[in-house]
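Worksheet: the structure to be examined is printed underneath.
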Amino acid sequence: MLLYFLRNPRRIGTLCSSSKELSCAITNNIGLENAQYIAEIGPGLGVFTQEILRKKNKNAQFFAIEINTKIAKKLQEKLMDVEVENESAEKLLQIMKRKQIEYLDVIVSGLPWSVFSQKEQDCLLDCIHEGLRDNGCFATFAYIFPTPQAKKFKKKLFKYFKNVRISKIIWNNFPPAYVYYCKK
């Protein structure tokens with residue numbers, strides 16, 4: 001992950017993959033077991049993806065969207081039973097249409113929100129909100145650093161979603177992080 005980060009920090013957003021603890025936290029209590037349609041945006045090398053595969057219903061339709069071509073290829077080789085779309089997360093609705101999915105039950109995000117502009121965040125959150133069914137769940141995470149960008153993003157989540165819960169800090173992650181569980 002370090003090499004990808006050094007090549008393009010605005011696209012990768014982190015030096016290393018998330019911990020097992022964070023991947024368990026982001027996939028807990030979001031309804032994966034009963035979800036029929038699931039998407040992951042920004043899967044990176046698949047730490048969250050593996051947890052989703054472990055917890056989801058075997059009949060659920062699941063796909064991941066990864067913008068980095070090399071990472072998408074590695075992920076597809078590593079997890080052959082996952083449909084990896086080498087696209088921007090901004091194409092979520094088009095991908096859903098192509099797959100004939102009206103709404104998603106769950107969206108899990110590993111995107112580096114704090115490196116995106118306000119406009120990019122709004123565009124992505126619009127797509128996510130529109131793609132989720134009523135009462136669908138969107139789970140994403142943030143590092144504990146209280147930057148102005150991180151604070152603005154948190155406020156946006158409360159505007160976009162009717163219910164937002166925040167996990168306890170996951171200290172066993174580098175850097176420490178917490179999860180936002182957002183319900184439409």
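Nothing here was measured: the structure is a model prediction, and the numbers come from that model. Basis for what follows: all heavy atoms, side chains included, without hydrogens, waters or symmetry-related copies.
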Student check: side-chain heavy atoms of Glu40 and Phe48 closer than 4.5 Å = yes

Min side-chain heavy-atom separation Leu75-Val82 under 4.5 Å | no

Neighbour count >12 (heavy atoms, 6.0 Å) for atom NZ, Lys55 = yes

Any side-chain heavy-atom pair of Val179 and Ile166 under 4.5 Å | no

So how far is it from Lys91 NZ to Ile65 CD1, rounded to the nearest 0.5 Å?
-> 11.0 Å

Would you find a donor on one side and an acceptor on the other, under 3.5 Å apart, between the side chain of Ser114 and the backbone of Ala150?
-> no

Which value, rounded to the nearest 0.5 Å, describes the distance between Gln50 atom CD and Lys78 atom NZ?
-> 4.5 Å

Lys99 to Phe63, cation-pi by 6.0 Å centre distance and 45° axis angle | yes

Is the side chain of Asn86 donor-acceptor paired with the backbone N or O of Ile67 at a distance under 3.5 Å, no angle test?
-> yes

Report, as yes or no, whether the 6.0 Å neighbourhood of atom CD on Glu77 holds more than 12 heavy atoms from other residues, nucleotides or ligands.
-> yes

Calculate, to the nearest 0.5 Å, the distance between atoms NZ and NE2 belonging to Lys162 and His129 respectively.
-> 9.0 Å

Nearest heavy atoms of Arg165 and Asn29, plus distance in Å = NH2-O, 3.8 Å

Heavy-atom closest pair, residues Gly42 and Leu111 | CA-CD2, 3.8 Å

With side chains defined as the heavy atoms from C-beta onward, is the minimum distance between Lys183 and Phe161 less than 4.5 Å?
-> no

To the nearest 0.5 Å, how far apart are CH2 in Trp113 and CZ in Phe141?
-> 11.0 Å

Does the Ser109 side chain pair with the main chain of Thr140, one donor and one acceptor, at a distance under 3.5 Å?
-> no

Side-chain heavy atoms of Phe138 within contact of Val164, under 4.5 Å | no

Say you draw a straight line from CD of Gln121 to NZ of Lys152; how long is it, rounded to the nearest 0.5 Å?
-> 9.0 Å

Residue from Leu32, Ile30, Ile26 passing side chain to side chain contact (heavy atoms under 4.5 Å, CB included) with Ile52 = Leu32

Given the rule in the side chain to side chain donor-acceptor pair (under 3.5 Å) test, do Asn28 and Tyr181 qualify, once you have shown the distances and angles that lead to the verdict?
-> CA-CA 10 Å; Asn28 279 344; Tyr181 303 101; over 6 Å; no

Side-chain (Glu85) to main-chain (Ile95) donor-acceptor, under 3.5 angstrom = no

Is it true that Glu51 and Arg54 have a side-chain N and a carboxylate O under 4.0 angstrom from each other?
-> yes

Salt bridge (Lys or Arg N to Asp or Glu O under 4.0 Å) partners for Arg133, two or more places apart | Asp105

Rounded to the nearest 0.5 Å, how far apart are CG of Asp81 and CD of Gln76?
-> 9.0 Å

Is there a donor-acceptor pair under 3.5 Å between the side chain of Lys184 and the backbone N or O of Leu132?
-> yes

Is a side-chain donor or acceptor of Glu90 paired with a backbone partner of Leu124 at a separation under 3.5 angstrom?
-> no

Do the side chains of Leu125 and Leu157 get nearer than 4.5 Å, heavy atoms only?
-> yes

Tell me, do Tyr103 and Asp134 make a side-chain contact under 4.5 Å, heavy atoms counted?
-> no

Donor-acceptor pair, side chain of Asn173 and main chain of Ser19, under 3.5 angstrom = yes

So with a 6.0 Å cut-off around CZ of Phe158, is the heavy-atom count from everything else above 12?
-> yes

Geometric class of the Tyr143/Phe145 ring pair [parallel <30°, tilted 30-60°, perpendicular >60°] | tilted

Which atom pair, heavy atoms only, marks the closest approach of Ala25 to Ile170?
-> CB-CD1, 3.9 Å

With distance as the sole test, does Lys97 use its side chain to make a donor-acceptor pair with the main-chain N or O of Leu92 at under 3.5 Å?
-> no

With Lys151, which residues qualify under salt bridge (Lys or Arg N to Asp or Glu O under 4.0 Å), at least two apart?
-> none

Would you say Lys156 has more than 12 foreign heavy atoms packed within less than 6.0 Å of its NZ?
-> yes

